[in-house]
Number of protein chains: 2
Amino acid sequence: MRSELNITEAPKTEIRAENERLILNAAEAVFAEHGFRGATMQMIADRAGLPKANLHYYFTSKEGLYRQVVERIFFIWLEAADAFETSAGPAAGLSRYIARKMELSRTHRHGSKVWANEVMQGAPLVQDTLETALREWTDSRISAIEGWIAAGQMRPVNPRWLLYMIWATTQHYADFAHQIETLNGARPLSDAQWAEATRTVCGIILGGLGLHAGPAA
Amino acid sequence: MRSELNITEAPKTEIRAENERLILNAAEAVFAEHGFRGATMQMIADRAGLPKANLHYYFTSKEGLYRQVVERIFFIWLEAADAFETSAGPAAGLSRYIARKMELSRTHRHGSKVWANEVMQGAPLVQDTLETALREWTDSRISAIEGWIAAGQMRPVNPRWLLYMIWATTQHYADFAHQIETLNGARPLSDAQWAEATRTVCGIILGGLGLHAGPAA
DNA sequence: AGAGAACTTGACTGATTGGTCAAGTCTGGT
DNA sequence: ACCAGACTTGACCAATCAGTCAAGTTCTCT
């Protein structure tokens, strides 16, 4: 058997791997555009180019499919946190994290919306993830920021509100992309606009913390 | 006939006014918690304490009811903009606007979520509002900020990204309230926490624009 | 008191949709 | 060539839900 190392799951055939990927991508888009209840298995099937019954061969239920979509974006965001740790001080760490989250808002718009939807509805399916993984992650980042403050490397603010501000601002560009594009003359933001928005967000936040804008991440 | 002046709508009986209010409030909460498709007329009826058939006596359809809920929060936000105009300079204007939007996130959590949901799904029902009312409002605020910049009253930034940052950050406290409360030990933010969060948001944004924090709004 | 309008409500209906199933087809190993 | 397991799929079913309706009850005005 030549599959990659695969801790929890049974080895997959090529066909299975490919079809699961097709279905997950279609599901992410459809859940993002219509919400959990608004999405139908038929829409997802059409988008994936497969008959509906096939979806139930690979995923036990609509809810199971949805859960995998939600977890996927969460772990992508978690990885973005690496920008934080490996950096010397707050200016580089925060601006790299912000830039990375902005990038993810551009490339993973659908996932971000699905997450927002799930949380807005009270996280019926990922409450345990919030209480464990997100809580741990947040606490560790708060400690890191408190360290910077204690070392006099940035203006003292409650790190919690700072983190929320970064999440809110960056994810807004994914979740409210439609509004932003409407206000942009019904056109997506250009490369230059994304870059300027990222620079502005970094500039205001770092400036507000008494830092100079870091390298253009 | 003693009804208030009422431009577009027919005069209403007391009973009608009261029941429409009951239903709209119930609908706002249910749409916020379940999304448009996830909400059922039966849930709204139960929350309003009325039989379902009664809802259809006052509102022609689920969609009509939803539209009124969405429009209500939009006009509440529009009014918050007054904080902007009537202020002397950027420090007072922006911090009053931010404080007002934070307050609305606390008092109108449901409405904010309904709006977020609607926009995330591509604004199928309020696209015209985005293109007209929101666009006009935004353009006028952008001009105001550009005026401040031209007068050297604040650091030059693209006002558009600044506005998005304010919207994102303040609305995050409504839309992601569940996540924030989970990270707060499953308890709502206290008065003191709301005040501190507001001060922190104002402080970072004003600081990032080269301003001193305004009066505690 | 009486008439007409406003309001109330339980029972019903047609359409939608998540999920099932049984009858297939395809593929790799021997 | 043949078999077993993996995969495919059209047809179907039971549950849910927006909206209707007709038979009421309660107001309001004279």
Side-chain angles (χ1 to χ4, degrees), chain A residues 1-3 6 9-24 26-31 33-70 114 117-118 121 124-125, chain B residues 1-3 6 9-24 26-31 33-70 114 117-118 121 124-125:
Chain A
M1 125 186 24
R2 67 184 142 42
S3 84
N6 206 324
E9 287 152 55
K12 291 171 184 172
T13 65
E14 289 297 328
I15 292 175
R16 180 169 210 97
E18 167 66 6
N19 280 345
E20 286 186 355
R21 198 186 56 76
L22 267 179
I23 295 168
L24 276 172
E28 184 174 271
V30 174
F31 283 133
E33 282 166 20
H34 301 275
F36 176 72
R37 286 289 302 269
T40 71
M41 293 300 271
Q42 189 62 60
M43 290 180 200
I44 297 171
D46 290 348
R47 185 147 187 157
L50 296 170
K52 177 168 78 90
N54 209 334
L55 269 59
H56 282 100
Y57 177 73
Y58 288 106
F59 294 89
T60 53
S61 66
K62 186 184 181 185
E63 187 178 312
L65 177 53
Y66 177 75
R67 178 174 266 121
Q68 293 204 28
V69 168
V70 174
V114 175
N117 233 299
E118 169 69 8
Q121 302 189 6
L125 295 182
Chain B
M1 140 185 6
R2 75 190 134 38
S3 82
N6 206 324
E9 287 153 53
K12 292 171 183 173
T13 66
E14 288 297 327
I15 292 175
R16 180 170 210 97
E18 167 67 6
N19 280 344
E20 287 185 353
R21 198 186 56 76
L22 268 178
I23 295 168
L24 276 171
E28 184 174 272
V30 173
F31 283 133
E33 282 165 20
H34 302 275
F36 177 71
R37 287 288 301 269
T40 72
M41 293 300 270
Q42 189 62 60
M43 290 180 199
I44 297 171
D46 290 349
R47 184 146 189 159
L50 297 170
K52 177 168 79 90
N54 210 334
L55 269 60
H56 282 99
Y57 177 72
Y58 289 106
F59 294 89
T60 53
S61 66
K62 186 184 181 186
E63 186 178 313
L65 178 52
Y66 177 76
R67 178 175 265 122
Q68 292 205 28
V69 168
V70 174
V114 175
N117 232 299
E118 168 69 9
Q121 302 190 8
L125 294 182

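Here the structure is a predicted model, which is why all the values come from computation and not from measurement. Reminder, nothing fancy here: chain letters follow the sequence lines and each chain counts from 1. Atoms considered below: every heavy atom in the structure, side chains included; atoms not considered: hydrogens, waters and symmetry mates.
Going from atom CG of B:Leu55 over to atom P of C:dT8 covers 11 Å, rounded to whole Å. As rounded to whole Å, 11 Å separates atom C1' of C:dT16 from atom CE of A:Met43. Taking atom CZ of residue A:Phe59 and atom C1' of nucleotide C:dG18, one finds them 16 Å apart after rounding to whole Å. The distance between atom NE2 of B:His34 and atom P of D:dT16, rounded to the nearest whole Å, is 16 Å. Remark: C1' of C:dC7 and CG of B:Leu22 are 14 Å apart, rounded to the nearest angstrom. Straight-line distance from the NE2 atom of B:His56 to the P atom of D:dC17: 13 Å, rounded to whole Å. A:Met41 places its CE atom 15 Å from the P atom of D:dT9, with the value rounded to the nearest Å. Note: CD1 (A:Ile15) to P (D:dC7) measures 6 Å, nearest angstrom.
Rounded to 10°, the angle separating the first-five-pair axis and the last-five-pair axis of the helix from C:dA1-D:dT30 to C:dT30-D:dA1 equals 20°.
Listed nucleotides C:dT8, D:dG19, D:dG10 differ in distance to A:Pro51; the shortest reach to its side chain belongs to D:dG10. The side chain of A:Thr13 approaches D:dA6 more closely than any other nucleotide in the set C:dG18, D:dA18, D:dA6.
At a threshold of 4.0 angstrom between heavy atoms, the contacts of B:Ala45 with the nucleic acid are absent.
Taking 4.0 angstrom as the limit, A:Arg16 places a side-chain polar atom (N or O) nearer than this to OP1 or OP2 of D:dC7. Between A:Asn19 and D:dT8 there is a side-chain N or O to OP1 or OP2 distance below 4.0 Å. For C:dT8, the OP1/OP2 oxygens have a side-chain nitrogen or oxygen of B:Tyr58 closer than 4.0 Å. Close to C:dC7, at under 4.0 Å from its OP1 or OP2, lies a side-chain N or O of B:Tyr57. For A:Asn54, no side-chain nitrogen or oxygen approaches OP1 or OP2 of D:dG10 to under 4.0 Å. Between B:Arg37 and D:dA18 there is no side-chain polar atom (N or O) within less than 4.0 angstrom of OP1 or OP2.
Ring geometry, A:Tyr66 versus A:Phe31: the interplanar angle exceeds 60°, so the pair is classed perpendicular (tilted spans 30 to 60°).
Between the side chain of B:Lys52 and the base of D:dG19, at least one donor-acceptor pair of N or O atoms lies under 3.5 Å.
Although no hydrogens or angles enter the test, the distance criterion places no donor-acceptor pair under 3.5 Å between the side chain of A:Lys52 and the main chain of A:Asp46. Remark: the backbone N or O of A:Leu125 is paired with a side-chain donor or acceptor of A:Glu118 at under 3.5 angstrom.
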CA sep, side-chain torsions, deciding dist, call: B:His34, A:Arg37, side-chain contact (heavy atoms from CB on, under 4.5 Å): CA-CA 8 Å; B:His34 302 275; A:Arg37 286 289 302 269; over 6 Å; no

Stepwise side-chain contact (heavy atoms from CB on, under 4.5 Å) check, B:Leu65 with B:Ile44: CA-CA 10 Å; B:Leu65 178 52; B:Ile44 297 171; 4.2 Å; yes

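The two residues A:Tyr58 and A:Glu20 have their closest heavy-atom pair at CD2-CG, 4.1 Å. Closest approach of B:Ala27 to B:Val69, counting heavy atoms only: CB-CG2, 4.0 Å.
Using a cut-off of 4.0 Å between Lys/Arg side-chain N and Asp/Glu carboxylate O, A:Arg47 and A:Glu33 are scored as salt-bridged.
Comparing A:Ala53 and B:Gly38 against DNA chain D, the residue whose closest nucleotide sits nearer the 5' end is A:Ala53.
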